[in-house]
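Scope of the values below: all heavy atoms of this structure, side chains included, with no hydrogens, waters or symmetry mates.
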Amino acid sequence: MSITNQQVAEYAFLRALYEDGYYPDSVVDKGKAILQRLCERIEAEQPADLTALYALTEVATEEFNALEADFEEAGSEIETVAREEIAENFWFVATAYGFTDADVEELVAAREW
């Protein structure tokens with residue numbers, strides 16, 4: 001499934017991580033894929049409220065939790081810059097789909113990073 005929301009389709013996910021050599025592109029690509037799958041799920045399932053949205057973002061956040069091992073294997077980690085960038089991207093997704101009252105901390109509440 002391709003993303004139909006034009007704002008999301010044109011968005012450069014995790015740009016700050018791609019621009020910083022500390023984060024291997026191959027691992028950042030996996031993070032980008034997580035966010036794109038989240039968008040696809042939002043479009044397919046059309047969550048009716050924040051509770052439904054948070055259920056979807058929880059799954060994506062848990063995927064980022066698992067991705068931490070890939071970062072570590074590549075000599076990197078999800079540290080302050082990465083945490084902020086990932087959380088901001090979750091917030092962008094929420095607002096792009098009309099959830100302007102989403103709480104960024106709730107969007108990534110399941111995070112272990």
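Atom-to-atom distance recorded for E43:CD and L38:CG is 10.0 Å, nearest 0.5 angstrom.
Here the closest heavy-atom approach between residue A94 and residue L53 is recorded as CB-CD2, 3.9 Å. The two atoms that bring V27 and A74 nearest to each other are CG2-CB, 4.2 Å, heavy atoms only. Taking each heavy atom of T61 and A110 in turn, the nearest pair found is CG2-C, 3.6 Å. Closest heavy-atom contact between L67 and I34: CD2-CD1, 4.1 Å. Shortest non-hydrogen contact noted between C39 and V8 is SG-CG1, 3.4 Å.
Taking the six-membered ring wherever Trp is involved, the centroid distance between the rings of F92 and F90 does not fall below 6.0 Å.
Only one option out of V93, L50, L107 pairs with T57 in a side chain to side chain contact (heavy atoms under 4.5 Å, CB included); it is L107.
Considering only heavy atoms from C-beta on, N89 comes within 4.5 Å of Y11 through its side chain. Between W113 and E77, every side-chain heavy-atom pair lies at or beyond the 4.5 Å cut-off. Counting heavy atoms from C-beta outward, Y97 and P47 have side chains that stay 4.5 Å or more apart.
Checked for salt-bridge contact, E105 and R111 meet the test: a charged N lies under 4.0 Å from a carboxylate O. Between E63 and R37 a salt bridge is recorded (basic side-chain N to carboxylate O distance below 4.0 Å).
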Pair E112-E68, side-chain contact (heavy atoms from CB on, under 4.5 Å): steps then yes or no:
CA-CA 9 Å; E112 296 172 358; E68 175 71 19; over 6 Å; no
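Taking hydrophobic clusters as Ile, Leu, Val, Met, Phe, Trp and Tyr residues chained together by side-chain heavy-atom distances below 4.5 Å, I78 does not share a cluster with V59.
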